[in-house]
Engineer: 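Can you read through this structure? Questions will come right after.
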Amino acid sequence: MKPSMQKALDALAHVQRCGAHARQTGKPCNNPVMANGTGRCRLHGGKSTGRPPKHGRLTKANLLQRDWIRLLLGVIALQEGIELKNFRPATMTAARAEEVLALMLKRRAR
């Protein structure tokens, strides 16, 4: 075995090990601990990656487009005095209307 490999194996042998134990066998985990001081390996005490995003970029773009059309239809209906069956103003809050307007104006300015 190469001397560099032997040196690496010796260093790895002296690293502190994870303190987690298996439920069924009771054997300890043999992975090295992380540097964050938890005394656990990356599998038993690592940082959580969080839940995956629910919607992707395409869905966000589609929702923006839908809300933009809904907003435009609402403005036109109010000006003309037309009552729309499918337009439900309660589904869009004033904050969302402002957000949609700002995003669409920003998109048009490009």
Side-chain angles (χ1 to χ4, degrees):
M1 190 180 300
K2 291 183 181 180
S4 60
M5 185 66 167
Q6 186 61 41
K7 189 176 179 180
L9 286 174
D10 289 342
L12 192 59
H14 290 74
V15 171
Q16 187 181 1
R17 298 295 169 176
C18 179
H21 287 74
R23 283 187 217 151
Q24 292 181 349
T25 63
K27 292 182 180 178
C29 175
N30 286 325
N31 290 326
V33 299
M34 294 188 305
N36 63 4
T38 60
R40 299 286 188 238
C41 67
R42 63 186 174 86
L43 300 174
H44 294 111
K47 219 177 198 183
S48 172
T49 58
R51 78 174 253 240
K54 189 174 180 181
H55 296 292
R57 278 184 249 139
L58 183 62
T59 305
K60 287 183 181 182
N62 289 342
L63 290 175
L64 177 65
Q65 192 70 28
R66 182 200 66 192
D67 286 346
W68 175 245
I69 291 170
R70 188 176 285 172
L71 186 63
L72 289 177
L73 281 175
V75 169
I76 292 169
L78 284 174
Q79 286 182 348
E80 299 295 325
I82 302 170
E83 188 173 325
L84 298 173
K85 288 182 181 181
N86 295 334
F87 177 69
R88 297 179 302 262
T91 59
M92 186 184 304
T93 63
R96 176 63 179 163
E98 288 177 8
E99 180 185 358
V100 167
L101 185 59
L103 286 171
M104 291 306 285
L105 288 174
K106 188 189 299 184
R107 185 184 277 186
R108 304 257 185 224
R110 285 190 231 161

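Just so it is clear, the values below take in all heavy atoms, side chains as well, and ignore hydrogens, waters and symmetry mates.
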Engineer: How close do Ala20 and Arg40 get, heavy atom to heavy atom, and via which atoms?
Structural biologist: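 Ala20 and Arg40 have their closest heavy atoms at N-NH1, 3.1 Å.
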Engineer: Throw together a table of side-chain donor-acceptor distances under 3.5 angstrom for residues 101-108, partners on residues two or more places apart or in other chains.
Structural biologist:
none

Engineer: So, taking the atom named CG in Leu71 and the one named CD1 in Ile76, what distance separates them when rounded to the nearest 0.5 Å?
Structural biologist: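 CD1 of Ile76 is found 10.0 Å from CG of Leu71.
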Engineer: Glu99: which residues meet the salt bridge (charged side-chain N to carboxylate O under 4.0 Å, His left out) condition with it, sequence neighbours left out?
Structural biologist: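 With sequence neighbours excluded, Glu99 shows a salt bridge (charged side-chain N to carboxylate O under 4.0 Å, His left out) to Arg96, given in chain and number order.
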Engineer: Using atom types as modelled, flag every donor-acceptor pair under 3.5 Å from a side chain in residues 23-33 to any protein atom, sequence neighbours excluded.
Structural biologist:
residue, atom, partner, partner atom, Å
Thr25, OG1, Lys27, N, 3.3

Engineer: Applying side-chain contact (heavy atoms from CB on, under 4.5 Å) between Gln65 and each of Ile69, Asn62, Asp67, Leu63, report the one that passes.
Structural biologist: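 Output: one option passes, namely Ile69.
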Engineer: What residues, two or more places apart in sequence or in another chain, satisfy side-chain contact (heavy atoms from CB on, under 4.5 Å) together with Leu72?
Structural biologist: Trp68
Engineer: If a pair satisfies side chain to side chain donor-acceptor pair (under 3.5 Å) and one of its residues is in residues 7-22, list it, with sequence neighbours excluded.
Structural biologist: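 Every pair satisfying side chain to side chain donor-acceptor pair (under 3.5 Å) with a residue in residues 7-22: Gln6-Asp10.
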